[in-house]
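So you know, we letter chains A, B, ... as the sequences are listed, proteins then strands, and number each from 1.
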Amino acid sequence: MLCHANKYQISFIMEKKAVRVRFAPSPTGALHIGGVRTALYNYLWAKKHGGTFILRIEDTDQTRYVEGAEAYIMEALEWLGIEPDESPKKGGDYGPYRQSERKAMYGQFAEQLIKEGKAYYAFDTPEELDAARAKVEAETEGKGKFKYDASTRMSMRNSLSLDAGTTQQYLDKGEYVVRFKLPAIHRDIIFDDAVRGTVTYSTEEMDDKVLFKSDGMPTYHLANIVDDYHMKITHVIRGEEWLPSTPLHVLLYEAFGWAEARPQFAHLSLILKPAPDSYLTKQNKPAMAEKFLNVFLSKQPEFAENKDLLAQTITQLFQDVASVTSRLNPKKKDKPYKLALKAFLKKSMSGKLSKRDGDLLGFPVFPLDWNGDEPFRGFREWGFLPQAVLNFLALLGWNPKSEQEIFTLEELVDAFDLDEVVRSGARFDYAKAKWFNQQYMIKGEDSALAEMMQPLATAKGYTVSKEYLTQVANLLKQRVEFIPEFIEKGSYFFTDLDFEVVKEKEGKNLRKRVLNKWSAEKSATFLDLHQALAQLADTDDLEPAVDAFMESKGLGKGEVMPALRFAISGTMGGPALYEMMEVIGRAKSLDRIKAFVEFCNAETTVA
RNA sequence: CACCCAUUCGUCUAGGGGUCAAGGACAUCACCCUUUCACGGUGAAGACACGGGUUCGAUUCCCGUAUGGGUGACCA
């Protein structure tokens with residue numbers, strides 16, 4: 001017996017159709033991380049089958065067009081290394097690849113359906129439609145929805161309800177839309193989804209969707225069917241939000257007589273917001289509470305007068321991180337301000353990952369920086385490596401049927417299968433994203449890391465060679481999670497220490513490990529050590545020299561190393577001491593030791 | 001409100017009637033390694049939403065309930 005998931009593969013093999021998939025974003029802003037995953041799965045599926053990965057820009061909504069969005073999408077795909085084979089920029093045999101440039105062809109297909117009685121002209125104004133919706137809503141106490149279908153279409157203004165003369169008058173004015181005419185007899189639309197199996201909808205639930213808008217542009221529904229057909233798309237891999245409109249698309253393929261060429265659908269579950277306990281920690285709880293409250297008040301300023309009470313409430317709600325979500329359910333005795341806050345928090349803390357979440361929750365949700373009206377930082381600028389992002393995203397909603405976690409792009413192509421895409425929504429897990437990044441940093445070439453560090457170092461005003469950065473990368477890469485941390489955490493590689501600052505940051509450790517035990521004798525010892533090291537030849541290793549020194553003075557490592565470490569790097573953490581000293585340079589290191597001794601003397605007032 | 005989709009450790013997931021006293025990864029904790037911090041290693045803790053069926057047997061199949069998600073535009 002064949003299970004549904006294999007059927008399409010087999011039929012496709014038998015037909016020997018070349019796989020052609022498209023990623024079809026609309027240029028309404030930056031490319032969301034969920035979109036990136038969709039693009040990736042499309043890419044993987046195409047490459048796995050030696051097929052073609054197409055980028056098509058769906059810019060049929062002129063009002064939502066955002067300048068720079070298309071360039072952003074291209075740059076993001078390029079950064080990630082999943083570039084399309086056919087695209088507006090690259091061209092191809094099935095172009096143009098921007099729907100606005102294919103505008104001329106859609107009208108004829110709308111006309112065709114009208115001629116065949118499968119669609120009709122409609123002249124209702126937006127106001128009239130709003131009124132019709134409002135009326136149904138009022139009659140059903142908000143429970144019902146207006147449907148433009150067989151039951152209502154004859155009472156609306158369209159070419160079915162109006163006589164030919166009136167219809168012509170409207171058409172002459174040029175203000176009309178084309179609506180799809182749902183079949184008169186209801187039936188179930190059944191289609192096979194590569195990730196979900198058999199999905200069933202009844203035409204009874206559907207309505208006469210607009211196919212062609214009054215501005216002369218097609219809607220998504222028309223354009224996507226016409227384009228997929230003409231671009232010979234074999235698999236439509238897209239987000240779950242399209243699942244409910246898929247039966248309409250199925251009907252459209254039938255209406256055009258293209259049912260045989262209908263692509264295989266695969267609907268990907270959405271990426272959800274992370275679990276609250278992953279970003280609410282004991283330390284940041286108060287700050288997060290304030291952040292949430294501010295956003296709430298900016299959205300619902302009418303509750304500003306309740307600010308103190310709200311602050312109290314949110315603190316209470318956040319008290320037990322594990323159960324926040326369940327505490328958010330409304331209760332009868334809740335005051336209006338509390339209900340509003342709960343509703344807001346519930347929406348902010350669950351559901352699909354959205355634009356704003358990055359800002360609010362403190363992690364990137366877009367591949368690259370975006371400098372629009374609402375600017376935000378991308379994975380790239382955050383310091384993520386593209387391969388890490390790809391790897392993380394690939395495994396968020398797909399499993400490779402093995403216990404392998406780290407995959408190169410080639411390995412992903414090889415292992416990927418729509419069959420193993422999971423059906424349920426996956427929560428974004430920032431901690432895991434960080435882990436992947438760290439893994440790729442450790443694996444990464446030191447010189448490549450150095451290259452990425454270079455501009456950041458320059459921005460900080462450090463003038464350092466690539467060779468130097470390469471050495472720093474080598475020492476630090478398993479101790480940092482993002483590229484910028486090389487510069488931030490490793491600042492002592494780039495600039496001399498200010499021990500006053502060290503005292504502020506590391507006061508407790510500094511006192512415990514060094515200052516509390518400091519004495520005139522210690523001071524002298526370290527100056528002796530300084531002297532001993534200064535006399536070393538460049539070819540002599542530091543470690544045996546220090547070891548010998550300690551032995552001669554009868555000192556243990558614990559009495560010497562922590563102080564040296566503070567002297568060199570100003571912190572107890574960090575790479576192996578001697579390697580650090582070699583990279584920073586012996587002369588500089590010795591200067592730091594001397595400065596540190598003086599600092600300790602001053603701190604403990606020993607001379 | 002209606003329709004569709006989903007539901008295994010905190011998170012991502014494996015498992016699709018007996019081999020599951022449920023496997024892996026992240027996160028957490030402990031130990032080892034170590035001058036420190038990491039990395040690495042070893043280990044601990046941690047899950048089949050609930051209720052009914054079907055069956056000799058159900059985490060796995062069916063039906064309900066609950067919960068979560070999506071959609072319900074002349075937006076995509």
- Query: salt bridge (Lys or Arg N to Asp or Glu O under 4.0 Å) between A/Asp207 and A/Lys209: does it pass, once the steps are laid out?
  - Reply: CA-CA 6 Å; A/Asp207 62 357; A/Lys209 279 273 171 314; 2.7 Å; yes

- Could you check A/Arg64 against A/Asp61 for salt bridge (Lys or Arg N to Asp or Glu O under 4.0 Å), going step by step and ending with a plain yes or no? CA-CA 6 Å; A/Arg64 291 207 310 158; A/Asp61 185 351; 3.4 Å; yes

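Atom CZ of A/Phe146 and atom C1' of B/A2 are 16 Å apart (whole Å). Rounded to whole angstrom, the span from the CZ atom of A/Phe363 across to the P atom of B/A27 amounts to 16 Å. Rounded to an integer number of Å, the gap from A/Arg238 CZ to B/U71 P is 13 Å. If you measure from atom NZ of A/Lys147 to atom P of B/C1, you get 18 Å, rounded to the nearest angstrom. Rounded to whole Å, the distance from CG on A/Leu270 to C1' on B/G68 is 12 Å. In this structure, A/Lys209 atom NZ and B/A73 atom P are separated by 6 Å, rounded to whole Å. Rounded to a whole Å, the CD atom of A/Glu204 is 19 Å from the P atom of B/C1. As a whole-Å value, the separation of A/His186 NE2 from B/C3 P is 14 Å.
Taking atom P in both B/C29 and B/C39, the straight-line distance is 12 Å, to the nearest Å. Nucleotides B/A38 and B/A66 have their C1' atoms positioned 45 Å apart, rounded to a whole Å. Using atom C1' as the reference point in both B/U7 and B/C48, the two lie 10 Å apart (nearest Å). Nucleotides B/A76 and B/G68, compared at atom P, are 30 Å apart to the nearest Å. With C1' as the reference atom, B/C26 and B/U59 are 23 Å apart, rounded to whole Å. Taking atom C1' on both nucleotides, B/C50 is separated from B/A45 by 25 Å, rounded to a whole Å. Atom C1' of B/A6 sits at a distance of 12 Å from the matching atom of B/A49, rounded to the whole Å. Taking atom P in both B/C62 and B/A47, one finds a spacing of 26 Å when rounded to whole Å.
Of all nucleotides present, only B/U71 satisfies the Watson-Crick or G-U wobble test against B/A2, with each distance under 3.5 Å. With a 3.5 Å ceiling on both atom-pair distances, the Watson-Crick or G-U wobble partner of B/C50 is B/G64. The pairing partner recorded for B/A25 is B/U11, the criterion being a Watson-Crick or G-U wobble arrangement whose two distances lie under 3.5 angstrom.
Qualifying side-chain contact (heavy atoms from CB on, under 4.5 Å) partners for A/Thr325, counting only residues two or more places apart in sequence or in other chains: A/Pro276. By the ring-ring contact (aromatic ring centres under 6.0 Å, His included) test, A/Tyr41 pairs with A/Phe416, sequence neighbours left out. Partners of A/Ala24 under the side-chain contact (heavy atoms from CB on, under 4.5 Å) rule, at least two apart in sequence or in another chain, are A/Arg22, A/Arg56, A/Glu58. Not counting sequence neighbours, the partners of A/Ala150 by the side-chain contact (heavy atoms from CB on, under 4.5 Å) test are A/Arg153. Residues satisfying the side-chain contact (heavy atoms from CB on, under 4.5 Å) test with A/Thr167, not counting sequence neighbours, are A/Phe123, A/Ser159, A/Leu162, A/Leu171.
A/Lys145 has no side-chain polar atom (N or O) that falls below the 4.0 Å cut-off from OP1 or OP2 of B/U71.
Taking the ring axis of A/Tyr148 as reference, the NZ or CZ atom of A/Arg179 stays within 45° of it and closer than 6.0 Å to the ring centre.
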- At under 4.0 Å between heavy atoms, which parts of nucleotides 33-42 of chain B does protein reach? Answer with one letter per nucleotide, 5' to 3': B base, S sugar-phosphate only, - none. --BBBBSS--

- Note on the structure: Going 5' to 3' through nucleotides 4-14 of chain B and flagging B where a protein heavy-atom sits under 4.0 Å of the base, S where only the sugar-phosphate is that close, and - otherwise, we get SSSS--SBBSS

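A side-chain donor-acceptor contact under 3.5 Å links A/Asp59 and A/Ser100. A side-chain donor from one of A/Tyr120 and A/Asp208 sits under 3.5 Å from a side-chain acceptor of the other. Between the side chains of A/His186 and A/Ser202, no donor-acceptor pair is found at a separation under 3.5 Å.
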With the criterion being N/O to N/O and under 3.5 Å, what pairs connect the protein with nucleotides 74-76 of chain B, and how long is each?
from  : atom 1 : to       : atom 2 : distance (Å)
B/C74 : OP2    : A/Arg179 : NH2    : 3.4
B/C74 : O2     : A/Ser214 : N      : 2.8
B/C74 : O2     : A/Ser214 : OG     : 2.6
B/C74 : N3     : A/Ser214 : OG     : 3.1
B/C74 : N4     : A/Asp124 : O      : 2.9
B/C75 : OP2    : A/Lys213 : NZ     : 2.9
B/C75 : O2'    : A/Asp61  : OD2    : 2.7
B/C75 : O2'    : A/Arg64  : NE     : 3.3
B/C75 : O2'    : A/Arg64  : NH2    : 3.3
B/C75 : O2     : A/Arg64  : NH1    : 3.4
B/C75 : O2     : A/Arg64  : NH2    : 3.2
B/A76 : OP1    : A/Thr60  : OG1    : 2.9
B/A76 : OP1    : A/Lys213 : NZ     : 2.7
B/A76 : OP2    : A/Tyr220 : N      : 3.2
B/A76 : O3'    : A/Glu58  : OE1    : 3.2
B/A76 : O2'    : A/Ser26  : OG     : 2.7

Using a cutoff of under 3.5 Å, can you pull out all pairs of nitrogen or oxygen atoms linking the protein to nucleotides 29-31 of chain B, with atom names and distances?
none

Pair up each side-chain donor or acceptor in residues 545-564 of chain A with any protein partner under 3.5 Å, not counting sequence neighbours, and list the distances.
from     : atom 1 : to       : atom 2 : distance (Å)
A/Ser552 : OG     : A/Phe549 : O      : 2.7
A/Lys553 : NZ     : A/Asp528 : OD2    : 2.8
A/Glu559 : OE1    : A/Gly556 : N      : 2.8

Scan the side chains in residues 394-407 of chain A for donor-acceptor partners under 3.5 Å anywhere in the protein, sequence neighbours excluded, and list what turns up.
from     : atom 1 : to       : atom 2 : distance (Å)
A/Asn399 : OD1    : A/Lys401 : N      : 2.9
A/Ser402 : OG     : A/Gln404 : N      : 3.2
A/Gln404 : NE2    : A/Ile406 : O      : 2.9

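Nucleic acid contact for A/Lys346: sugar-phosphate only, since backbone atoms but no base atoms lie under 4.0 Å from a heavy atom of the residue. Counting non-hydrogen atoms under 4.0 angstrom, A/Lys352 reaches the backbone sugars and phosphates but no base.
For residues 482-493 of chain A, no pair satisfies salt bridge (charged side-chain N to carboxylate O under 4.0 Å, His left out), with sequence neighbours left out.
Between A/His221 and A/His249, the ring planes lie tilted relative to each other; the angle falls in the 30° to 60° range. Ring geometry for A/Phe191 against A/Tyr201 counts as parallel: the plane angle stays under 30°, on a 0 to 90° scale with 60° as the upper cut.
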